[in-house]
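What follows is a single structure, written as structure tokens, with notes after it.
We name chains A, B, ... by the order of the sequence lines, and we start the count at 1 in each one. Atom set for the values below is all heavy atoms of this structure, side chains included, hydrogens, waters and symmetry mates excluded.
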Amino acid sequence: MWAMPYHESLQPCADHAASHAVSANAQSDLLHKLYHKLLAHYGDPNWWPAASREEMMIGAILVQNVSWKNTVTALHLVRERFGFTFRALREAPLDELAACIRATRFYQSKAARLQAFSFWIEAQCGDDLDRLFARDAIELRRHLLSAPGIGPETADDILLYAAELPSFVIDSYTKRIMRRIAIGPERDTYEAWRSFFMERLPADVLLYNRYHALIDQLGSQVCRASRPLCTACPLKTCCTYARSQSSAD
DNA sequence: TTCCGGATCG
DNA sequence: CGATCAGGAA
């Protein structure tokens, strides 16, 4: 029934924790269980909210290390002033672009990176995203990682939500939630976290799409960094942190 | 005042 | 690795 595990087709390095077969199965069951609890609680998150792949990719750069609410403010101003085309961003005066995205913090470096990325897109595919995304998934990920302003999380955002390839996205919410639940890879690196999920979940674009969106919803509203709302958490029965919080109160 | 959804450079 | 970037909400 399940598709081939994604790491066999895209993931170059294996997570060595997977060699512990018994705990790996238990961890896989838990990851599935968490997903279904989140889906039952929140419903289909319908992420990513963008009318085009270009808008999605621009939003992915703007949202780096900033709240989505502030990103929406910036996206609105960019849409009004320039529109969501890479050509428009290439031609944009940097100071005007920076002014539009001020709400997303680090706006000067982000404006420069957004423009540099737009030039990179032109050089790679002449703004034809079908051409960019046509290449092999493994190579596409490596390629995106070589683009200016694109780190591992943003690359996976683009792979999953624009190219619609099953690449699991890891962010701070993901790590915080899973750490509190007490599940995760041994090595604390981006690739180890990503492999941890991909080796235990089927390579399903819709599953990865919804899972990450649901994690973000929980992480921003409930499983916050400070003063998390454990009593209202849909995952509290699975979470050691929530239990320690309720016993402490 | 403190905290907070990354990427890059040295 | 640590430093840097530098707004908005609480």
Side-chain angles (χ1 to χ4, degrees), chain A residues 34 38 42 45-50 55-78 81 89 94-121 140-162 167-181 184-194 197 208-230 232-233 235 241:
Chain A
L34 296 173
L38 288 171
Y42 287 116
N46 286 313
W47 206 250
W48 185 294
E55 177 180 354
M56 184 275 141
M57 294 163 75
I58 292 165
I61 292 175
L62 292 181
V63 79
Q64 287 166 0
N65 205 36
V66 73
S67 72
W68 178 251
K69 177 183 278 189
N70 290 5
T71 304
V72 169
T73 305
L75 282 170
H76 198 261
L77 293 173
V78 171
R81 177 65 185 84
L89 295 189
L94 265 187
D95 57 336
E96 286 185 38
L97 183 56
C100 290
I101 66 173
R102 196 162 184 276
T104 66
R105 207 176 176 212
F106 319 134
Y107 52 88
Q108 297 195 89
S109 24
K110 272 185 186 173
R113 285 170 187 176
L114 209 44
Q115 190 164 79
F117 181 70
S118 301
F119 277 108
W120 183 88
I121 288 287
L140 177 57
R141 185 167 194 266
R142 275 200 292 262
H143 198 226
L144 286 171
L145 286 172
S146 77
I150 307 298
E153 183 184 337
T154 310
D156 289 329
D157 274 337
I158 292 171
L159 287 167
L160 183 57
Y161 293 102
S167 194
F168 203 91
V169 178
I170 302 298
D171 60 6
S172 298
Y173 292 142
T174 313
K175 292 191 274 190
R176 182 169 68 235
I177 290 168
M178 296 304 155
R179 278 177 184 138
R180 285 176 174 169
I181 291 173
E186 311 215 337
R187 271 166 49 82
D188 185 24
T189 66
Y190 184 94
E191 298 301 327
W193 276 97
R194 176 171 176 270
F197 280 86
Y208 287 11
N209 175 322
R210 287 175 169 168
Y211 209 157
H212 178 250
L214 290 164
I215 282 172
D216 278 16
Q217 209 166 331
L218 185 79
S220 61
Q221 297 169 13
V222 178
C223 197
R224 307 178 301 197
S226 55
R227 293 178 294 114
L229 307 175
C230 294
C233 182
L235 305 182
Y241 185 82

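- Scanning for side-chain contact (heavy atoms from CB on, under 4.5 Å) contacts around A/P228 gives A/R180, A/C230, A/Y241, with sequence neighbours left out.
- To the nearest angstrom, C1' of B/dT8 lies 12 Å from CD1 of A/I150.
- The minimum heavy-atom distance linking A/L75 with A/G59 is given by the pair CD2-CA, 4.0 Å.
- For the pair A/S220 and A/A147, both in contact range of DNA chain B, the more 5′-proximal nearest nucleotide belongs to A/S220.
- Per the geometry, OH belonging to A/Y190 stands 8 Å off P belonging to B/dA7, to the nearest Å.
- Taking only side-chain atoms of A/F106, from C-beta outward, the nucleotide of C/dG8, B/dC4, B/dG6 with the closest atom is B/dG6.
- Note on A/Q108: a side-chain N or O is less than 4.0 Å away from OP1 or OP2 of C/dA6.
- Between A/R224 atom CZ and C/dA10 atom P the separation is 10 Å, expressed in whole Å.
- One can place CG of A/L144 at 12 Å from P of B/dA7, the figure rounded to the nearest angstrom.
- In terms of phosphate contacts, A/Y107 brings a side-chain nitrogen or oxygen within less than 4.0 Å of OP1 or OP2 of C/dG7.
- Going from atom CG of A/L62 over to atom P of B/dG6 covers 14 Å, rounded to whole Å.
- With C/dG7, B/dA7, C/dA6 as the choices, the nucleotide that has an atom nearest any side-chain atom of A/R102 turns out to be C/dG7.
- Here B/dG6 presents its C1' atom at 14 Å from CZ of A/R176, a figure rounded to the nearest Å.
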Inset, instruction - Let me see the working for A/Y211 and A/L34 under side-chain contact (heavy atoms from CB on, under 4.5 Å), right down to the final yes or no. - result: CA-CA 9 Å; A/Y211 209 157; A/L34 296 173; 3.5 Å; yes
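- Each of A/S109 and A/R227 has a nearest nucleotide on DNA chain C; the 5'-most of these lies closest to A/S109.
- Contact between the side-chain N/O atoms of A/S172 and the OP1/OP2 oxygens of B/dC4 is not found at any separation under 4.0 Å.
- Closest-nucleotide positions on DNA chain B for A/G149 and A/K69 were compared, and the one nearer the 5' end corresponds to A/K69.
- Contact detail for A/Q115 and A/L89: the closest heavy-atom pair is NE2-O, 2.8 Å.
- Straight-line distance from the CD atom of A/Q64 to the P atom of B/dT8: 7 Å, rounded to whole Å.
- At a threshold of 4.0 angstrom between heavy atoms, the contacts of A/D216 include nucleobase atoms, whether or not backbone atoms are also involved.
- Ring centers of A/F117 and A/W120: under 6.0 Å apart, within the cut-off.
- Here the P atom of nucleotide B/dC4 and the CD1 atom of A/I177 are 14 Å apart, to the nearest Å.
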